[in-house]
Amino acid sequence: MQAFAAAEGFAELTIRAKVASAQPWHTVTVRPVAVKGGRQLQVTTLTARQSLSANHPAAAGDTAAVERVLGPLLAEAGIGSAALRTAGGDMAVQVTKKGKGIIHRSAPKDRTPLLRAGPGAAADADDAAQFLAHDRTKATPIPADRPHPFLQKIGFQTADGRIRATMQDKFTQVNDFLRLLGHTAMVRGLAKQQLPQAQQPQPAVAAAMAELNTDTTAGSDTQLDAADAPGSQSSGSPAGPRLHILDCGCGSSHLSFGTYHYLNHVLGVPAAMAGVDTNAGLMAKSNDNAAALGLADTVHFDTAPIGDYTPRARPDIVLALHACDTATDDALALAVKQSSPLIMAVPCCHAHLHKQLAGRPPSSRPPWQPLLRHGIMRQRQLDLVTDSLRAALLRVAGYTTDVVEFVSTDHTPRNLLIRAELPQQQRQQQQQQQQAASGADTSVAQITRETAGAAPLPQPYRKAQLDAAREYLALRDYWGVLPRLEVLLESELGPVLAAAGHADSAGEHEELQAEH
């Protein structure tokens, strides 16, 4: 009860009834809240149909008040388990069939600390107020209720720290994008090795970052020059290796600055940011904002088409949020050619395949006539086909790929995110392939002419890549289109696609011979 009574330690108590219990409720939660300036315990009882809440006065340290509230709850028959979350650790009690309690204790894992101070220590006033607030603020990578110069500089926040009404949707998009970025294996692994306040990297972080920053530029088996190598440092920048992020089609750079802040100041992962866009005015403004925020050494923006852009350093993460039409393909192609370990792209304005299929009657794609007959359904279907082909090509390139909804349609109808991660072993093999293919003709036509003598793909990835290539070719040929991304990656993926097509042809020939 003493742990429950301490405001600094007690976070939330959850009591669950046994499945076969006669209790009218299935779960009861108890947590401290601040109501009208006083501390109370809020008891929420959840039944099959509703939830009921009641507040009970309980000043910090008032063990008697806590006992009056929790005593009857813990004495109830039919309790199956009870779990206590605190700032310093968690405790769970599992009740067996014989009525014995099995106690488990553990440190809080994989969640934001409830309070900065541990049990018995003085908590930060702001943290305590936030934690005890009756209405809890949703946890987001970039909190909306905390004024920050970068949020104000890029136009998200007003001078008094409020998110502008006209920027609410964009702010939500950026936060949900960063949430998914934080869930990736690369970022999650580096974030676990958080840097101390002095920004001195731990050895494990430095080793992991150094591994990520190995140069795999096509046709080169040497490291980049020291000034341009990933992980190199400029004067005044944080010590230690850092990630290089590239935001393609960055526009107003809201995601760029948000990602920089999230990695460096929330997760403690040193990162440098680059952005590229064709709008010279926006790029100049973004560079001015970076200089005003004192980030000129680690944040820069360039004016160029994505397809013509050469990054100053090989990007470890390539981002693209609503790059219009084939600009998304340009961003994906750039990432694959640079062997970037992580790609996160939200496509927009799928016009390329729509133009290729324009004028074809619905009957040209049976049994899709009922869907293709209606404009809005045709548009959405072809949007999905476009993104499916993009995701499939990334699989052919060796990436582990998934497509997820990154934000609700309340904030944008273009809410599908293509997320692709390149395994370390695959990055090494791609580098070997690039070195072996240097100066050789690797076009689809050349491979088709010389399939008998085609060099085999690396064995660990041969089957996976060929399977992905067969799936891609079947979908592409069914719809009778030529995706822009395939054209951009002809030299990189042409051999795999040709080999997959040849294998299918050989298999069909063998089946025909067997039938005769």
Side-chain angles (χ1 to χ4, degrees), residues 154 170 173-174 177 215-220 224 228 230 244-260 272-290 299-356 383 386-387 389-391 393-394 397 399 412 414 416-418 420 434 443 481-494:
I154 65 177
K170 177 60 71 173
Q173 291 176 41
V174 170
F177 193 104
D215 177 33
T216 56
T217 304
S220 172
L224 292 175
D228 296 326
H244 284 276
I245 320 298
L246 176 62
D247 188 0
C248 295
C250 57
S252 298
S253 307
H254 296 122
L255 179 63
S256 308
F257 283 103
T259 303
Y260 181 89
M273 171 61 66
V276 58
D277 197 283
T278 55
N279 191 317
L282 288 178
M283 295 301 91
K285 182 179 179 181
S286 296
N287 279 319
D288 290 343
N289 288 338
V299 178
H300 68 270
F301 299 89
D302 297 315
T303 302
I306 300 172
D308 298 335
Y309 181 68
T310 301
R312 304 182 191 183
R314 183 186 66 83
D316 300 297
I317 302 176
V318 172
L319 312 176
L321 177 58
H322 294 153
C324 289
D325 196 17
T326 56
T328 294
D329 297 305
D330 291 334
L332 297 177
L334 185 153
V336 171
K337 291 178 179 180
Q338 294 282 325
S339 296
S340 298
L342 177 61
I343 307 170
M344 296 186 67
V346 178
C348 182
C349 307
H350 304 67
H352 186 64
L353 258 61
H354 288 261
K355 293 177 181 177
Q356 293 188 38
D383 288 354
T386 301
D387 290 336
L389 290 169
R390 286 166 169 163
L393 277 174
L394 290 175
Y399 284 82
T412 175
R414 304 295 187 180
L416 291 187
L417 182 144
I418 301 174
Q434 291 162 357
S443 65
V481 294
L482 180 60
R484 174 65 175 168
L485 185 58
E486 179 183 343
V487 175
L488 295 173
L489 293 176
E490 180 181 7
S491 61
E492 288 78 15
L493 302 185

Residues two or more places apart in sequence or in another chain: which of them pass ring-ring contact (aromatic ring centres under 6.0 Å, His included) with F301?
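By the ring-ring contact (aromatic ring centres under 6.0 Å, His included) rule, F301 matches F257.
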
Listed by chain and number, what are the ring-ring contact (aromatic ring centres under 6.0 Å, His included) partners of H352, not counting sequence neighbours?
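H352 satisfies ring-ring contact (aromatic ring centres under 6.0 Å, His included) with no other residue.
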
Report yes if the side chains of [X] and [Y] come closer than 4.5 Å at any heavy-atom pair, otherwise no.
| X | Y | answer |
| --- | --- | --- |
| C348 | D325 | no |
| I418 | P347 | yes |
| E492 | K337 | yes |
| T303 | D277 | no |
| H354 | D383 | yes |
| L255 | L319 | yes |
| E486 | L493 | no |
| H322 | Q173 | yes |

So which of L489, L394, I306 actually passes side chain to side chain contact (heavy atoms under 4.5 Å, CB included) with L332?
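Among L489, L394, I306, the one meeting side chain to side chain contact (heavy atoms under 4.5 Å, CB included) with L332 is L394.
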
Ignoring hydrogens and geometry, is there a side-chain-to-backbone donor-acceptor pair from T328 to A323 under 3.5 Å?
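Yes: the side chain of T328 pairs with the backbone of A323.
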
D329 (side chain) donor-acceptor with R484 (main chain) under 3.5 angstrom:
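Side chain of D329 to backbone of R484, a donor-acceptor pair under 3.5 Å: no, none is there.
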
Ignoring hydrogens, what is the shortest heavy-atom contact between [X] and [Y]? Give both atom names and the distance.
| X | Y | result |
| --- | --- | --- |
| V318 | C248 | CG1-SG, 4.0 Å |
| S256 | M273 | O-CE, 3.4 Å |
| L485 | A333 | CD1-N, 3.7 Å |
| S252 | S286 | O-OG, 4.1 Å |
| T278 | P305 | CG2-CA, 3.7 Å |
| R314 | P341 | NH1-CD, 3.5 Å |

Donor-acceptor side-chain pairing of R312 and H300 below 3.5 angstrom:
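Looking only at side-chain atoms, H300 and R312 do form a donor-acceptor pair, the distance falling under 3.5 Å.
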
What verdict does the salt bridge (charged side-chain N to carboxylate O under 4.0 Å, His left out) test give for D387 and R390, after you've listed the backbone C-alpha separation in whole Å, the side-chain angles of each residue and the deciding distance to 0.1 Å?
CA-CA 5 Å; D387 290 336; R390 286 166 169 163; 3.0 Å; yes

Nearest 0.5 Å please: distance from the [atom1] atom of [X] over to the [atom2] atom of [Y].
| X | Y | atom1 | atom2 | answer |
| --- | --- | --- | --- | --- |
| M283 | D288 | CE | CG | 11.5 Å |
| L334 | D308 | CG | CG | 10.5 Å |
| L342 | Y399 | CG | OH | 9.0 Å |
| N279 | K285 | CG | NZ | 10.5 Å |
| S253 | I154 | OG | CD1 | 8.5 Å |
| H244 | S340 | NE2 | OG | 11.5 Å |

Report the C-alpha separation of V487 and L482 in whole Å, then their side-chain angles, then the decisive distance to 0.1 Å, and conclude whether the side-chain contact (heavy atoms from CB on, under 4.5 Å) test is met.
CA-CA 8 Å; V487 175; L482 180 60; 3.8 Å; yes

Under the rule for side chain to side chain contact (heavy atoms under 4.5 Å, CB included), what residues qualify as partners of A304, not counting sequence neighbours?
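A304 satisfies side chain to side chain contact (heavy atoms under 4.5 Å, CB included) with V276, Y309 only.
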
